[in-house]
Structure formats: C-alpha cells, structure tokens
Amino acid sequence: MRAEAIVDLSAIKHNVALLKEKSGTELLAVVKADAYGHGLVATAQAAISAGASMLGVALLEEAITLRDAGITAPILAWLVQPGSDFKSAIDRDIELAAGSRKALHEIQAASSEKRARVHLELDTGMSRGGFLGEWSDIEAADVAGIEIVGVFSHFARADEPGEAQNQDQLTRFNEMVETLKSFGFTDVKRHISNSAATLTNPAAAFDMVRVGIALYGLTPDVAMGSAKDFGLRPAMQLRAALYLVKDVAAGTPVGYGASESTSRDTKLGVVTMGYADGIPRIAKGAGVWVNGKRAPIIGRVSMDQFVVDLGPDSTAKSGDWVVVFGNGSHGEYTADDWGAASGSINYEIVTRIGPRVPRIYSAHVY
Ligand SMILES: *Cc1c(COP(=O)(O)O)cnc(C)c1O
C-alpha cells in the first residue's frame with residue numbers, strides 16, 4: 001500500500017461522548033466534506049452509535065449518500081442550493097435549512113402531505129448564510145404547510161472566546177428566537193454552537209450543539225488549546241511508505257526548482273504522497289516521523305511524492321512506513337503542525353486528503 005489514512009473510530013466515539021457530556025445537551029455530528037476527510041458513512045455510524053442525535057451536512061448529495069447507505073438517523077442539510085430537488089429531500093426525511101423567503105417558498109412548493117421539516121437559519125453577525133433584514137418581513141404564509149422544527153445560527157469568532165462579537169451574536173440570536181416564539185413557534189430546537197463554542201461557552205449550548213472538528217479529535221484553534229488540553233483524541237493518522245532511500249552528498253539540490261540543497265552528507269527518503277493527495281505544496285517546516293524520529297521535508301512537494309531529509313544516521317529503508325501526521329503522542333507531526341507549516345489550519349489539512357488515499361478503519365499503528 002502506497003499511502004493510507006487510518007481512522008480510529010473509537011477515537012471519534014470517545015470525542016462524541018466527551019463533547020456530549022461537556023455540552024449537557026444534544027449533539028449534531030457534522031459530517032460534511034466526507035466527514036472532514038475521515039469517510040462519511042463510517043464516521044456517521046460511529047457518531048450515532050456513540051450518542052449523537054443528529055447528523056449535519058452541507059450538501060443535499062451528502063445527505064442522500066447517508067440515506068442510501070441505510071442511515072436512518074435525523075439529518076440536517078444546510079446548504080441546499082435554490083433549484084435543488086427539495087422533494088427528494090423531503091421524501092427521504094432530510095431536514096432542510098432555510099435562510100431566505102425564497103428558500104422557504106421552494107421548500108413549500110415541494111411539500112405535500114409529507115411536510116418538510118425546516119430549520120430557520122439566522123444571520124446573527126457572520127454575514128454569511130441566514131435571514132438578516134428579511135427576517136422582519138416573514139409572514140405566516142411563508143411558513144404555511146411546512147414544519148419549523150429548528151432555528152440556528154453560526155459563530156464567526158467562537159475560537160476567540162473573549163471577543164465581544166460572540167456575546168453580540170448570542171444576544172441577537174436570543175432576540176430572533178423570541179420573535180419566533182411570539183409567532184407561536186415554541187417547540188423549535190435552538191442551535192448555534194460549533195466545536196469552539198461547545199468547548200468554551202456553555203451558555204451557548206441551547207438545545208443542541210453542532211460539532212465538527214472536535215469530533216475528529218482536533219482543536220478548533222491551537223491558540224485556544226491543544227486537542228490534549230481538551231481531552232480530545234485525534235482520529236486520523238496519515239501514513240505512507242518510503243519508496244526509496246538514497247545517500248547524497250552535501251550541497252545536493254533537491255526537487256523542482258532546486259529550491260533547497262542538502263546541508264551535509266545525508267540520506268534522503270522519497271515519500272509517495274504529494275499535493276494530489278492533499279500534502280500542501282507550500283508546506284515548510286513539517287515532515288514525517290520515521291523510525292522514532294522526525295525527518296523534515298526538503299525541496300518542493302511534487303504531485304505524487306515529496307522528499308525528506310532522513311539524516312546521515314538514519315536506519316530507514318525503502319518500504320518502511322512513515323507517519324505524515326498523527327496524534328503527536330510519539331513525537332510525530334500533527335495536523336496542527338501541518339496547518340501551521342502551510343499557513344493554514346488543521347481543518348484544511350484533513351479535509352483535503354485526496355480521494356486516492358484509502359481510508360482504513362483501525363486503531364493507529366506505529
Ligand atoms: C462546518 C459547520 C459546523 C462545524 O464547525 P466546527 O468548527 O468544525 O465544529 C457547524 N455548523 C455549521 C453551520 C457549519 O457549516
């Protein structure tokens with residue numbers, strides 16, 4: 001096997017239980033984007049078995065894939081494009097978000113005796129999806145024939161718990177929920193917390209939290225604390241086999257553009273993953289863990305491979321497994337390290353692992 005992402009479903013189950021207990025409320029497991037690269041269906045099953053009461057996805061296709069896999073748990077899809085096949089969604093018991101009157105009208109048009117179950121999305125300050133000015137124009141006719149089962153919003157800065165915008169968004173959310181109550185909607189599920197808010201702001205838990213990154217055992221922001229600080233267990237280990245090991249002299253240029261050269265006589269290792277597999281081409285200061293130590297990237301990452309400096313004393317040989325990132329407990333790089341090395345975040349590192357990397361469900365191997 002060239003490269004594989006080993007996903008430990010017991011870590012995901014541990015994280016669900018921990019986050020559920022922490023929030024003291026219901027948990028929606030966010031499994032969009034192929035469960036942040038961890039595999040949609042397997043992750044969804046693990047999350048439900050560990051006590052998640054609902055699954056959340058961005059796209060209607062993602063929700064349909066879950067239903068086609070036989071998953072019967074409640075599902076919410078929140079980014080369903082105008083003109084989508086809302087009827088299929090309703091037929092398959094997929095709950096839908098609506099953040100505009102137009103969206104409500106499209107959902108109404110697709111509702112029959114089987115009524116759509118809708119969560120109203122509110123823009124409380126992120127200026128992305130959700131009702132803003134149009135909120136005050138909603139009339140009874142806009143929600144006739146559909147069931148309003150939820151109301152939700154999303155934080156822009158939950159990973160900076162001290163920022164006033166969080167409180168502003170909560171205040172706005174509470175006000176908008178009150179308006180809804182005054183219209184007679186008293187039994188709607190309120191939800192606003194993402195992972196960062198779930199970990200830091202119990203006042204925002206309401207009736208359900210929507211947890212993504214923390215479900216996978218990763219911290220929403222390294223500045224807030226590490227996965228370990230929060231008791232989270234990283235679920236993914238990305239590993240690859242060394243294709244080739246070779247001795248080179250000091251001053252040997254490596255890779256496209258000869259952007260780097262060896263600083264001493266050393267051994268180079270060729271790792272069979274590249275930017276087509278989600279290894280950021282821009283990464284600087286990350287590498288792999290091999291035979292008990294770190295070997296940094298040298299030269300540019302190619303499409304299918306990159307080169308690491310194993311060091312002159314390395315005992316690594318072709319065919320040996322290297323850990324690209326893991327939970328860090330052995331000294332290996334983490335998804336946080338790769339995020340930092342590429343001017344990005346752990347979210348982007350795991351979600352961009354390409355489709356030609358098989359996801360293997362097992363405990364991590366070293
Ligand atoms: C992606 C997403 C989440 C999950 O965010 P995390 O930071 O990964 O916990 C929650 N709610 C919505 C609407 C999202 O799009």
Side-chain angles (χ1 to χ4, degrees), residues 12 15-16 18-20 22-23 25-38 40 43-44 47 52-63 74-81 94-100 103 118-131 150-161 163 165-166 169-170 173 189-202 204-225 227 230 232 234-236 335-336 339 344-352:
I12 290 176
N15 299 330
V16 169
L18 180 99
L19 292 157
K20 222 183 119 171
K22 174 127 201 137
S23 68
T25 189
E26 284 187 43
L27 184 144
L28 173 149
V30 180
V31 293
K32 63 189 178 187
D34 199 29
Y36 292 39
H38 293 65
L40 175 64
T43 300
S53 36
M54 192 163 189
L55 300 167
V57 290
L59 311 184
L60 182 53
E61 300 91 290
E62 296 172 319
I75 302 176
L76 169 61
W78 53 70
L79 206 61
V80 181
Q81 199 71 8
I94 294 165
E95 300 181 20
L96 297 162
S100 68
V118 175
H119 296 238
L120 296 173
E121 182 180 9
L122 309 178
D123 179 359
T124 56
M126 175 129 180
S127 308
R128 206 175 59 177
F131 282 97
V151 58
F152 74 106
S153 190
H154 193 58
F155 283 118
R157 306 188 73 173
D159 55 341
E160 302 165 284
E163 281 296 331
Q165 187 173 344
N166 292 306
Q169 284 197 249
L170 265 185
F173 186 61
K189 199 172 270 186
R190 300 158 299 165
H191 46 105
I192 186 169
S193 287
N194 56 5
S195 295
T198 302
L199 291 167
T200 59
N201 192 351
F206 292 101
D207 306 314
M208 184 163 77
V209 291
R210 301 186 309 269
V211 183
I213 198 76
L215 192 70
Y216 306 100
L218 299 175
T219 179
D221 188 331
V222 288
M224 276 173 59
F230 293 120
L232 297 167
M236 186 190 289
D336 299 340
S344 184
I345 49 175
N346 54 20
Y347 289 75
E348 189 172 354
I349 298 300
V350 290
T351 51
R352 293 187 75 166

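Counting starts at 1 for both ligands and their atoms, following the listed order. Residue numbers start at 1 and run along the sequence shown. A quick note: this is a predicted structure, and the numbers were derived from the prediction, not measured.
Shortest contact from atom 1 (C) of ligand 1 to any protein heavy atom: Lys32 NZ, 1.4 Å. The nearest heavy-atom contact from the protein to atom 9 (O) of ligand 1 is Ser195 OG, 2.5 Å. For atom 7 (O) of ligand 1, the closest non-hydrogen atom of the protein is Tyr347 OH, 2.6 Å. Among all non-hydrogen protein atoms, the one lying nearest atom 11 (N) of ligand 1 is Arg210 NE, 2.8 Å. For atom 4 (C) of ligand 1, the closest non-hydrogen atom on the protein side is Tyr36 OH, 3.4 Å.
For the residue pair Val118 and Ala98, the shortest heavy atom distance occurs at CG1-CB, 3.9 Å. Closest of all the heavy-atom pairs between Phe206 and Arg190 is CB-O, 3.3 Å. Residues Leu59 and Leu79 approach most closely at CD2-O, 4.1 Å, considering heavy atoms. Contact between Ser195 and Ile213 at its shortest, heavy atoms only, is OG-N, 3.4 Å.
Considering both main-chain and side-chain atoms, Ala196 never comes within under 3.5 Å of ligand 1 through any nitrogen or oxygen pair. Between Val211 and ligand 1, no N or O atom pair is found at a separation short of 3.5 Å.
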Q: Show your working on side-chain contact (heavy atoms from CB on, under 4.5 Å) between Leu232 and Leu218 and close with a plain yes or no.
A: CA-CA 7 Å; Leu232 297 167; Leu218 299 175; over 6 Å; no

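Ring geometry, Tyr347 versus Tyr36: the interplanar angle falls from 30° to 60°, so the pair is classed tilted.
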